[in-house]
Structure formats: structure tokens, C-alpha cells
S.K.: 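One structure follows; several queries about it will come next.
The sequence lines fix the lettering, A, B, ..., with proteins before strands; numbering per chain opens at 1.
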Protein chains: 2
Amino acid sequence: MGIDGRKLKILQAIIHNYITNAEPVGSRTISKKYDLGVSPATIRNEMSDLEELGFLVQPHTSAGRVPSDRAYRLYVDSLVNKKRIKLVQKRQIKTSLVDGINELEELIQNSAKVLSKLTNYTSLAIAPQLIESRLKHIQLVPIDETKLLMVLVTNSGIVKNTVFNIEKEISNSQLNLISNFLTKKLKGHRIDELGIELKKNLTKEIFELRDVIKDVMPMINKSIDDLEEIDLYSDGVTNIFNFPEYNDITKAKSFLSFLENKENVIDMLLRNKNQDIEITIGKENCYEEIKNCSLITATYRFNGKTIGKVGVIGPTRMAYAKVIPVVKSIAVNLNDILEKHFEL
Amino acid sequence: MGIDGRKLKILQAIIHNYITNAEPVGSRTISKKYDLGVSPATIRNEMSDLEELGFLVQPHTSAGRVPSDRAYRLYVDSLVNKKRIKLVQKRQIKTSLVDGINELEELIQNSAKVLSKLTNYTSLAIAPQLIESRLKHIQLVPIDETKLLMVLVTNSGIVKNTVFNIEKEISNSQLNLISNFLTKKLKGHRIDELGIELKKNLTKEIFELRDVIKDVMPMINKSIDDLEEIDLYSDGVTNIFNFPEYNDITKAKSFLSFLENKENVIDMLLRNKNQDIEITIGKENCYEEIKNCSLITATYRFNGKTIGKVGVIGPTRMAYAKVIPVVKSIAVNLNDILEKHFEL
DNA sequence: TATTAGCACTCTTTAGTATTGAGTGCTAAT
DNA sequence: ATTAGCACTCAATACTAAAGAGTGCTAATA
């Protein structure tokens with residue numbers, strides 16, 4: 001028993017109906033609302049088949065049927081490359097993303113905001129990771145007698161501060177000298193190789209500077225460790241309450257607690273790195289707390305390299321057809337903006 | 001009819017019982033559990049009086065009684081200066097606050113974490129506002145041909161970055177010159193007066209620098225505006241689900257939505273600036289969404305000036321006696337840490 | 001052979017009713 | 001002034017009946 005055209009149409013109708021109404025769908029409803037030209041009885045037979053094939057689930061004998069994760073998967077796969085975004089939304093995204101935004105982190109945070117506004121789901125975004133990007137400028141700034149601020153600027157326009165302690169005060173002019181020296185030597189190198197590079201260069205340098213740099217070096221290494229910390233933004237977290245499947249307080253709590261745990265969320269977002277857009281449905285998710293959720297993520301890139309993710313999370317009964325193009329569009333726009341504004 | 005010693009004792013017993021059990025308290029319960037040496041009937045009479053006086057409320061005729069906001073107020077006022085913190089907790093706070101913390105913002109964020117961990121309520125903290133602090137160092141760092149990073153370091157050790165656009169490229173050495181010039185001229189001035197100060201000084205300076213500084217000036221002003229944005233941290237947001245009063249999904253949603261609105265939360269925290277510790281009970285709160293919540297906040301200071309707030313929010317039925325000393329202690333420790341580590 | 005009308009059957013949902021029990025307020029006795 | 005006793009109130013709980021949505025099967029139909 002395969003899944004012929006009619007079965008597919010019925011399945012799609014059921015999915016559509018369930019996504020909009022959140023209630024099990026019966027044969028009569030399909031027959032009346034969707035013009036398939038067959039009687040409820042026929043649809044019933046087909047539905048029975050679809051259940052046997054694993055695409056539908058019955059909450060109980062006398063209820064209608066509900067799409068399974070597998071049904072959503074089929075539905076989504078048939079959808080991914082088709083849907084285009086509404087022109088209005090497209091324009092809206094383009095203008096609202098950069099509206100009043102100057103810094104990269106703000107841009108990402110704002111992306112999350114726009115995403116949740118447009119979709120009415122909870123949105124997530126991780127800020128550019130700079131581990132793969134290259135150093136552009138390094139500057140040491142005095143804070144007080146025992147504290148130094150190191151500012152790193154990367155080629156992707158990301159700025160990172162690290163404060164660290166020093167043993168003896170270093171004069172302003174000396175700091176500038178060191179800054180210039182470090183910038184000259186380390187510019188263009190990958191952030192995660194700065195430590196090695198620094199060691200390599202150090203041996204050849206004049207004593208005067210060498211002494212001071214020796215003090216600073218372990219700090220630079222520590223600072224680089226700090227860089228690996230990933231910033232996570234979310235928005236529209238309370239949107240989850242809009243969905244009847246989360247009227248159950250324990251479910252809502254479980255979902256929100258999961259989101260509160262930054263590490264898990266980041267891990268979830270980074271699990272697959274390669275696809276432009278990825279959709280994880282229900283049990284496909286690795287974390288128990290969100291096995292009744294779907295996740296739609298897109299990657300944004302810079303110079304062809306993945307540097308971050310944006311996405312939307314909500315019940316498996318998600319408005320995929322509406323959300324997918326929005327997420328896609330946000331990512332595309334982010335790529336454009338990064339290209340234009342953050343490297344010339 | 002006043003509120004004599006016995007009435008007070010009964011009221012306290014009721015409050016205590018209600019705080020721990022979250023259920024209306026009856027006369028029999030008080031008579032049995034609290035050794036007041038009187039019969040339930042007597043207690044009933046007293047309770048009736050206490051209700052008339054506005055300290056108790058009856059959900060319905062055949063239920064026990066529940067403390068009113070006014071009762072909590074009385075209770076809290078009698079409490080504030082008495083309760084001492086447990087030694088264990090005190091030590092715990094002291095060590096855990098600075099554990100692995102280098103930057104000021106981390107410190108505040110961590111304070112929120114410790115606070116929610118110790119109290120099991122939702123904690124809030126606002127990071128030091130630097131509007132009142134004074135400039136220590138200013139440094140311009142190149143990002144690319146059209147972008148400049150301005151780093152401000154204040155006397156309270158706060159670092160603030162602002163990225164802005166420039167029209168024509170400025171050389172590295174020129175940037176250092178400008179940075180030095182700006183630092184020299186503006187050091188020690190209040191952050192919110194930098195703009196005026198800059199204007200004053202500018203007229204007297206040599207032409208060469210003046211030209212470039214003119215370009216930079218509007219940016220500095222803009223950057224200063226940015227400084228006024230207040231960072232808010234929260235932790236243990238989902239703790240609210242631990243309280244039966246938030247089993248109602250609409251109440252939980254209302255609470256969480258309120259917390260999602262950063263501006264309102266900040267406004268709430270900043271409403272009273274002067275007290276060391278402040279407790280706002282139920283309807284005393286200005287925002288509708290939290291009129292059944294209590295808020296306990298403390299101020300932390302630096303050089304005698306209020307620079308931030310930490311606090312806890314939860315149902316009016318809050319474990320005041322437990323929470324107040326913890327909040328207090330966190331603030332005291334913050335003061336100490338700031339004193340020690342961020343200015344010598 | 002595929003479709004469909006008809007109908008019995010299942011199981012949740014809703015409404016209605018009775019019962020229970022916690023707690024009060026009043027009265028009369030101490 | 002205190003308290004035992006008791007009638008009364010009202011939410012919470014349990015139980016029952018009825019309604020309704022939807023299915024699956026059978027037999028009739030095109």
C-alpha cells in the first residue's frame with residue numbers, strides 16, 4: 001500500500017486543518033471543507049490507511065486524527081523549496097532589520113525580535129562566533145594601576161573586550177607601542193591561533209617590549225578562551241502561551257525551563273551546521289523537553305563561512321509554510337547586511 | 001479597637017502559616033500549631049476583628065483567612081531590622097559572587113544567579129549606570145576605513161564600546177593622538193557632561209586636530225546617549241511555576257510577559273532610589289501585572305552613589321524573613337567587591 | 001471494483017446532582 | 001472574657017446521565 005495522490009491530498013488537508021485549529025480532524029470536516037469530491041466514508045477508509053502507514057494518530061477511538069511527526073516531515077519536505085515570502089513581509093524585514101542598528105550584536109538581537117514579531121513564535125539567534133574570523137586590530141587600554149582592557153577587532157567587525165590584571169603599571173605610551181606591535185604581528189591571523197602566533201614572534205623581538213609582552217601573554221590566551229563563549233538571544237518567549245498545547249502548566253514550564261538553559265539551547269542550534277535552512281520536527285529533537293516542538297533554523301554566513309544561526313521554535317503543529325520563508329528571508333538579509341556593512 | 005499583643009501574635013501565626021502552605025488558614029490550625037493558650041473560638045473572634053481592621057481577607061465564607069497586603073506590610077516592617085542572615089549563606093554569597101568573575105557586568109549577572117539560587121524566586125539586577133561616574137580613559141580604535149570604535153573607561157571600571165561611522169579614514173597614529181588629547185581634556189569629568197566639556201575645550205586647540213575632532217564630536221555625543229541604556233539581568237524566571245498561585249496559566253503568562261518587557265522592569269526597579277532595602281507589596285506596585293507580587297530590592301553603591309539595584313520578585317506570599325537578609329547581603333557584598341576591585 | 005449510505009459502537013465532554021468537609025458566626029454556658 | 005456547641009455556608013469532590021463527535025463495519029450501489 002503506497003501513498004497515492006488522493007491520500008496525499010487528504011493528508012495535506014488534515015495537516016492544514018490541524019495546524020490552524022489545533023484539534024483532531026474528522027472525515028466529515030475534510031469532506032466538507034476541502035473539495036476532494038469524495039464522501040466522508042471514502043476519506044475514512046483513506047485515513048485508516050494513513051494511520052496504518054504512520055502518518056496519522058488517533059488520540060482516542062472517537063476522536064478525529066492528528067498528524068504524526070512523520071506526516072509533518074513529509075509535508076515540510078514537499079514545501080521547503082516551493083514557498084515564497086510575501087512581498088510586504090520581505091520589504092518589512094529589509095527595512096526593520098537595520099533600523100537604528102549600529103553594532104553587530106544589536107543587529108542579531110534585532111533579528112530575533114523581528115522574527116518573533118513576524119511569526120508569533122519564540123525566536124532564537126546566536127551571535128557571530130569569531131573563532132574563525134581574523135584579527136584586524138588589537139588595542140590595550142588602561143583601566144587602573146592593576147587593570148588593563150584588551151580590545152580585539154576582527155575582520156567581521158566584531159569587537160570583544162577583555163579585562164585583565166597586570167602586576168606593574170604600564171605607561172600609556174608603552175601601551176600604545178605594545179598595541180601597535182601586537183596589531184602588526186597578529187593582524188590577519190585567525191583568532192584561535194593568536195596564542196601560537198604570538199609565541200612564534202616573541203623570541204625575535206627587542207628586550208624592552210619583550211618583558212612587558214611576556215606579562216600580557218597569558219592574559220591574551222585567557223581572553224581568547226573567553227571569545228569562544230557564544231551569545232544567545234531570544235525573543236517572544238511568552239508566545240508559547242498562545243498555543244493550546246501549552247495550556248498545561250507543566251508543559252509550559254518544561255519548555256520555558258529548557259529555554260532558560262543557555263547551553264542546551266546553543267547546542268541544539270549548532271547541531272547541524274551545513275544546511276541553509278533546517279527543520280527539526282518533534283522526536284527528531286535530541287532534548288527530551290522539546291520532543292513535541294519543531295525547530296526551524298537558518299544559517300547566516302560571512303565570507304562563505306557559517307558564523308551564526310537564527311531560528312524559531314514552537315509546537316510541532318507549526319505554521320511551517322508561513323514560518324520557513326520568513327526565517328529564510330531573515331538569514332538572507334543578514335548575509336546581505338553583513339556583506340555590505342561589516343567588510344568593504 | 002486597636003491591635004493588641006494577642007492579635008498581633010495571631011496575625012503573625014496566620015502569616016507564617018500562609019507563607020509556608022499557600023492555603024487559607026483556619027482558627028483550629030492556629031490553635032493547634034501555635035501555642036497561644038486560647039481556644040479556636042477565641043481565635044475566631046480575634047480573626048473576625050483582624051478582618052474588620054483590614055489585615056485579613058476571606059476568599060469565601062467557609063474558607064480560612066488570608067493575609068492582606070496590609071498585613072504583610074505590618075509583618076515586613078516589624079521584620080526589616082531584625083533578621084540576620086545565616087552564617088552559611090553569608091559565606092556562600094561571599095565566595096560565590098566573585099568566583100571566576102573578571103568583568104563588572106559578569107559580576108552583576110552572577111549576583112542575579114546567586115540570588116535566585118538562594119531564594120528560589122525570580123531575581124533581577126540592573127548593571128551599574130555610568131551616567132554619574134567619571135571618565136578615566138578614552139580610546140579610539142580603527143575597525144575599518146569607515147568605522148571607528150570608541151572605548152570609554154570610567155572610574156567605576158565600567159567599559160563601554162560604541163561603534164560609529166566616519167567619513168574619511170584616520171591614521172592609527174592620528175587616532176592615538178586624538179585619544180590622548182581627549183583623555184587629557186575629558187578625564188575626571190562626568191560622563192553626561194563630556195559633550196559640553198568637549199565643546200568648551202575645542203575652540204582653543206590647534207587646527208590640525210581640531211578638524212578631525214570636529215568629525216568625531218557628534219559621534220561622541222551619540223555614544224553618550226547610548227550610555228544611558230540600562231542593562232538588565234534576570235535569573236530563575238521559571239521559578240514562578242513553583243508557586244501554586246501561578247498554576248493559573250493566564251497569571252503565569254501575565255507575570256512572564258511583564259518580565260519580558262525590559263523597560264517596565266527597569267522603571268519598576270528604579271522607582272525608589274534612596275533606601276538601602278525596599279519592599280513593595282502587592283497593590284503598592286505601580287504595574288497592573290504585578291499587583292499580586294512583592295518586590296524586594298536593594299541598592300548597591302559606589303563612592304556613596306547609587307549605581308545599581310538587585311532584587312527579587314515573587315508572589316505577595318513571599319518568604320520575606322528569608323529573602324530580605326539574602327538580598328541585603330548580596331548588596332553589601334557587591335558594595336565591598338566594587339570598593340575593593342574596581343577602584344584603588 | 002471502488003464508493004458510499006447507514007448504523008451500531010466507543011469514548012470524551014458537559015451538565016446536573018448529591019455528598020463531604022472545612023471553617024465560620026452566633027448563642028448560651030462557664 | 002472565654003469557650004463549647006451547633007447550625008449554616010460554600011467550595012471541592014464524586015457520581016451519573018446525556019450529548020456529541022467520530023469511527024469502523026456492512027450492505028447497497030454505480
Side-chain angles (χ1 to χ4, degrees), chain A residues 1-11 13-15 17-18 20-68 71 244-245 247-248, chain B residues 1-11 13-15 17-18 20-68 71 244-245 247-248:
Chain A
M1 177 174 56
I3 181 162
D4 58 25
R6 192 171 69 183
K7 276 195 177 59
L8 201 64
K9 268 187 188 158
I10 291 173
L11 184 58
I14 293 171
I15 292 173
N17 203 272
Y18 187 67
T20 51
N21 297 329
E23 258 161 39
V25 188
S27 53
R28 231 173 82 87
T29 312
I30 297 301
S31 164
K32 267 202 295 186
K33 285 205 199 164
Y34 300 82
D35 200 18
L36 298 175
V38 285
S39 75
T42 309
I43 292 175
R44 267 205 295 286
N45 289 328
E46 296 285 45
M47 281 169 83
S48 183
D49 289 353
L50 283 167
E51 180 165 4
E52 212 173 310
L53 288 165
F55 291 107
L56 293 178
V57 167
Q58 232 177 343
H60 56 84
T61 339
S62 70
R65 282 177 171 96
V66 167
S68 67
E245 32 272 84
N247 278 355
D248 180 349
Chain B
M1 176 176 55
I3 180 162
D4 57 26
R6 191 171 68 182
K7 275 196 179 57
L8 201 63
K9 267 186 189 160
I10 291 173
L11 184 58
I14 293 171
I15 292 173
N17 204 272
Y18 187 67
T20 51
N21 297 329
E23 258 161 38
V25 188
S27 54
R28 232 175 81 89
T29 312
I30 297 301
S31 164
K32 266 202 295 187
K33 285 203 196 167
Y34 302 82
D35 201 22
L36 298 175
V38 283
S39 76
T42 309
I43 292 174
R44 266 205 296 284
N45 289 329
E46 296 285 45
M47 281 167 84
S48 182
D49 288 354
L50 283 166
E51 180 166 2
E52 212 173 312
L53 288 165
F55 292 107
L56 293 178
V57 167
Q58 234 178 340
H60 55 87
T61 337
S62 69
R65 282 178 172 96
V66 166
S68 67
E245 32 272 85
N247 278 355
D248 180 348

S.K.: Measure from the side-chain heavy atoms of B:S27 and tell me the nearest of C:dT24, C:dA5, D:dA4.
M.R.: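 Looking only at side-chain atoms, B:S27 lies closest to C:dT24.
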S.K.: Report the distance from atom CG of A:D49 to atom NZ of A:K7, rounding to the nearest 0.5 Å.
M.R.: 4.0 Å
S.K.: Per the atom types in the model, does the base of C:dG25 pair as donor or acceptor with the side chain of B:R44 at under 3.5 Å?
M.R.: yes
S.K.: Nearest whole Å is fine: how far is D:dT23 P from A:I10 CD1?
M.R.: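 Interatomic distance, CD1 of A:I10 to P of D:dT23: 12 Å.
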S.K.: Quick one, A:M47 with A:I14, criterion side-chain contact (heavy atoms from CB on, under 4.5 Å). Give me CA distance, side-chain angles, the key distance, then yes/no.
M.R.: CA-CA 9 Å; A:M47 281 169 83; A:I14 293 171; 3.9 Å; yes
S.K.: Just by distance, do the side chain of B:S27 and the backbone of B:I43 share a donor-acceptor pair under 3.5 Å?
M.R.: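 Checking the backbone N and O of B:I43 against the side chain of B:S27, no donor-acceptor pair under 3.5 Å is found.
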S.K.: Let me know the distance between CG of A:D4 and C1' of C:dT3, rounded to the nearest Å.
M.R.: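 About 14 Å, once rounded to whole Å.
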S.K.: How long is the line joining CG of B:N45 and C1' of C:dG23, in whole Å?
M.R.: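 After rounding, the gap between these two atoms is 14 Å.
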S.K.: May I ask you to verify if any side-chain N or O of A:R28 is less than 4.0 angstrom from the OP1 or OP2 atom of C:dA5?
M.R.: no
S.K.: Measure the distance from CD1 on A:I30 to C1' on D:dG22 and round it to the nearest whole Å.
M.R.: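 These atoms are roughly 13 Å apart.
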S.K.: With a 3.5 Å limit on both atom pairs, tell me what C:dT30 is paired to, counting Watson-Crick and G-U wobble, or say none.
M.R.: D:dA1
S.K.: Who does C:dA18 pair with, Watson-Crick or G-U, both distances under 3.5 Å?
M.R.: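 Paired with D:dT13.
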S.K.: Between A:T42 and C:dT4, does any side-chain N or O lie under 4.0 Å from OP1 or OP2?
M.R.: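 Affirmative; the distance criterion is met.
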S.K.: Please round to the nearest 0.5 Å and tell me the distance separating atom CD1 of B:I10 and atom CD1 of B:I30.
M.R.: 8.0 Å
S.K.: Just do the side-chain contact (heavy atoms from CB on, under 4.5 Å) check on B:L11 and B:L56 with the steps written out, would you?
M.R.: CA-CA 8 Å; B:L11 184 58; B:L56 293 178; 3.8 Å; yes
S.K.: Expressed in angstrom and rounded to an integer, what is the separation of B:I43 atom CD1 from D:dA1 atom P?
M.R.: 18 Å
S.K.: Look up atom CZ in B:R65 and atom CG in B:L50, then write down how far apart they are to the nearest 0.5 Å.
M.R.: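 One finds 8.5 Å between CZ of B:R65 and CG of B:L50.
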S.K.: Just the rounded figure in Å: distance from C1' of D:dT2 to CD of B:E46.
M.R.: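 Those two atoms, CD and C1', are 11 Å apart.
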S.K.: Can you check side-chain contact (heavy atoms from CB on, under 4.5 Å) on B:F55 and B:I3, steps first, answer last?
M.R.: CA-CA 10 Å; B:F55 292 107; B:I3 180 162; 3.9 Å; yes
S.K.: Would you jot down, in residue-number order, the residues of residues 49-65 of chain B having a non-hydrogen atom under 4.0 Å from DNA chain D?
M.R.: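 Hits under 4.0 Å, by residue number: B:H60, B:T61, B:S62.
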